[in-house]
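Here is how names work: the chains are called A, B, and so on, in the same order as the sequence lines, proteins then strands, and each is numbered from 1.
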Amino acid sequence: MSIEFREDLPYDPSDKSSILEYANELVGHTLREKTDAGSVEDPKVRRGAFGDGVEYSYFGIEPNSVQGPDFPEAGLELKTTPVKKAKSGKLTAKERLVITMIDYMTVVDEEFETSTLVDKAKDILLVTYLYEKDKDPLDYVVELATEWGLPEEDMPVFKEDWETVVNKVRAGKAHEISGSDTLYLEACTKASNSSVRRQQPFSDIPAKPRAWALKASYMTAAYEKMGMQDIKRGEGERALGLLELVRRRFEPYLGLTEEELGSRFGYVHEGKHKPKNLCALVTRRILGVDEGAKIAEFEKAGIKPKTIRLKKSGRPKEAMSFPKFDYRELVERDFEDSDFLGYLEQKYLFVIYREGGDGAYRLSDVCFWQMPDDDIPEARRCYDQMRDNVRSGHAEVSVKSSENRCCHVRPHGRNAKDTCPTPYGVPVVKKCFWFNQGYLREEIAKALAAEK
DNA sequence: GCATGATCATGC
DNA sequence: GCATGATCATGC
């Protein structure tokens with residue numbers, strides 16, 4: 001079977017530059033304007049309908065289930081993917097970009113460099129469109145049509161991610177793969193319904209079908225880069241894994257006290273009291289966030305740096321806050337759709353200071369952390385409990401840290417007068433969710449043990 | 001020493 | 001001017 005094209009095409013499907021030129025004409029336009037497509041199926045009914053419209057109505061590719069590239073002679077793979085605009089105006093990926101299904105039986109014999117993934121993702125015609133809720137897909141505006149492939153400088157991380165997943169299959173643990181195992185790549189589940197399972201080579205346990213995909217956070221950073229010049233960075237740093245790269249950044253500062261670091265970065269002056277968030281400022285500086293050269297990998301991997309000061313006992317001096325929540329939103333939105341769940345699913349870089357015998361806090365460790373999936377239900381309990389409080393007209397009542405193993409609720413405003421409206425009309429002091437100190441203590445101990 | 005309420009400093 | 005990422009302060 002081969003790809004078939006409609007006759008009398010306005011471009012040459014065997015010529016890459018002709019395809020790209022024609023694709024470019026779609027930018028800033030909609031399928032309604034550029035094709036005679038009557039209607040595209042409702043994307044809620046069937047995902048990918050817009051993509052099918054682009055493929056069939058615009059490029060004239062006859063519907064098929066062929067495994068090869070969409071433009072075999074030009075070697076191009078057509079991928080259509082939604083973006084949305086953030087409040088800041090920046091384009092962000094609405095979803096992960098799925099590349100190709102993972103075949104558990106054959107992937108174990110592949111090597112990364114010559115893998116199906118690398119092959120499928122090396123030459124992509126990427127067409128992005130602005131997703132707008134309630135809009136007919138025919139009226140989605142195409143934002144970008146460009147040739148794109150996995151960037152060379154990201155390969156070390158992709159390779160690490162790929163091996164993490166493939167090694168699980170090789171160990172007969174395909175059923176234990178999780179999307180959160182990896183940084184840029186994601187082995188995402190892909191099946192028509194949740195009961196579908198596939199055979200794996202080294203275990204009798206059936207595993208969920210999964211596909212290679214690029215995480216949404218990675219794609220968001222990639223879009224930014226497509227519109228900007230490359231970020232300059234030392235060549236030596238490129239080949240390193242992310243953790244190693246971060247370690248190297250922090251290495252020169254390990255063992256220094258908060259005050260020493262503060263004066264080194266110019267935050268501490270004689271006769272001026274030290275800023276409350278000194279450690280956090282120092283972390284930013286070491287990561288280079290202020291130099292306009294944000295560690296690009298951080299954004300791509302969606303990692304959030306957090307500074308934690310551990311007391312002599314090993315317990316964090318403070319709990320860890322999240323952004324404040326809106327009481328009205330809390331009541332309206334289920335946990336599944338909440339910002340809170342988004343924060344919980346983030347990967348974090350913990351920058352750890354320890355209290356010494358002299359009472360000074362010294363920079364001592366960095367580690368990555370992500371909340372274990374098993375703890376999510378406990379956090380959900382906290383969310384639902386606070387939701388019930390607000391529903392019953394008592395937003396002022398918080399969930400105490402003694403009531404939940406993982407998190408609690410506490411004020412988070414400028415002061416007691418800094419309030420947020422409630423659904424029942426009475427403003428209540430702004431609050432947010434916090435990770436409990438006890439919970440953090442255990443998790444940090446686990447994370448550090450795992451990295452040693 | 002811990003839990004909880006209150007507040008601060010900075011950057012965008 | 002406010003969100004953010006934290007720390008401080010107080011009472012038990």
Engineer: Classify A:S401 by what it touches in the nucleic acid, base, sugar-phosphate, or nothing, heavy-atom distance under 4.0 Å.
Structural biologist: sugar-phosphate
Engineer: Roughly, in whole Å, what's the span from CZ in A:R441 to P in B:dG1?
Structural biologist: 12 Å
Engineer: Mind calculating the distance between CG (A:N415) and C1' (B:dC8) to the nearest angstrom?
Structural biologist: 10 Å
Engineer: Ignoring hydrogens and angles, does a donor from either the side chain of A:S402 or the base of B:dA3 sit under 3.5 Å from an acceptor on the other?
Structural biologist: no
Engineer: Determine the contact category for A:H412: base if any of its heavy atoms lies under 4.0 Å from a base atom, sugar-phosphate if only primed atoms, P, OP1 or OP2 are that close, otherwise nothing.
Structural biologist: base
Engineer: Would you indicate, yes or no, if C:dC8 has its OP1 or OP2 atom less than 4.0 angstrom from a side-chain nitrogen or oxygen of A:R309?
Structural biologist: yes
Engineer: Are the side chain of A:R32 and the backbone of A:Y140 linked by a donor-acceptor contact shorter than 3.5 Å?
Structural biologist: no
Engineer: What's the CG-C1' distance between A:D326 and C:dT4, to the nearest Å?
Structural biologist: 16 Å
Engineer: I want to verify a distance call: between B:dT4, C:dC2, C:dG5, whose nearest atom is closest to the A:R414 side chain?
Structural biologist: C:dC2
Engineer: Is the phosphate of C:dA3 approached by A:K324 (side-chain N or O, under 4.0 Å from OP1 or OP2)?
Structural biologist: yes
Engineer: With a 4.0 Å limit, can you tell me whether A:K311 has a side-chain N or O closer than that to the phosphate oxygens OP1/OP2 of B:dG1?
Structural biologist: no
Engineer: Between A:Y343 and A:R410, which is nearer to the 5' end of DNA chain C once each is assigned its nearest nucleotide?
Structural biologist: A:Y343
Engineer: Which sits closer to the 5' end of DNA chain B, A:A416 or A:Q437, going by the nucleotide each is nearest to?
Structural biologist: A:Q437
Engineer: Rounded to the nearest angstrom, tell me the gap between atom OH in A:Y361 and atom C1' in C:dA6.
Structural biologist: 13 Å
Engineer: Can you list the residues that meet the side chain to side chain contact (heavy atoms under 4.5 Å, CB included) rule with A:P372, with sequence neighbours excluded?
Structural biologist: A:W369, A:D375, A:Y439, A:E443, A:K446
Engineer: Would you call A:K84 and A:E132 a salt bridge, using N to O less than 4.0 angstrom?
Structural biologist: no
Engineer: Please say whether the positively charged group of A:R309, taken as NZ for Lys or CZ for Arg, lies over the ring of A:Y361, i.e. under 6.0 angstrom from the six-membered ring centre and within 45 degrees of the axis.
Structural biologist: yes
Engineer: Under a 4.0 Å N-O cut-off, is there an ion pair linking A:D326 with A:K430?
Structural biologist: no
Engineer: Quick one: is C:dC8 close enough that its OP1 or OP2 comes under 4.0 Å of any side-chain N or O from A:K317?
Structural biologist: yes
Engineer: Side-chain N or O of A:K430 versus OP1/OP2 of C:dA3: is the shortest distance under 4.0 Å?
Structural biologist: yes
Engineer: Figure out the CD/P separation between A:E318 and B:dG5, and round it to whole Å.
Structural biologist: 15 Å
Engineer: Quick one, A:T307 with A:T283, criterion side chain to side chain donor-acceptor pair (under 3.5 Å). Give me CA distance, side-chain angles, the key distance, then yes/no.
Structural biologist: CA-CA 7 Å; A:T307 307; A:T283 300; 2.9 Å; yes
Engineer: Using atom CE of A:M320 as one end and atom P of B:dA3 as the other, report the distance to the nearest whole Å.
Structural biologist: 16 Å
Engineer: Given B:dA3, is OP1 or OP2 found less than 4.0 Å from the side-chain N or O atoms of A:R315?
Structural biologist: yes
Engineer: What is the distance, to the nearest angstrom, from the NZ atom on A:K431 to the P atom on B:dT7?
Structural biologist: 15 Å
Engineer: So, is A:T307 near the phosphate of C:dA6, with a side-chain N or O under 4.0 Å from OP1 or OP2?
Structural biologist: yes
Engineer: Round to a whole Å and report the spacing from CZ of A:F435 to P of C:dT7.
Structural biologist: 16 Å
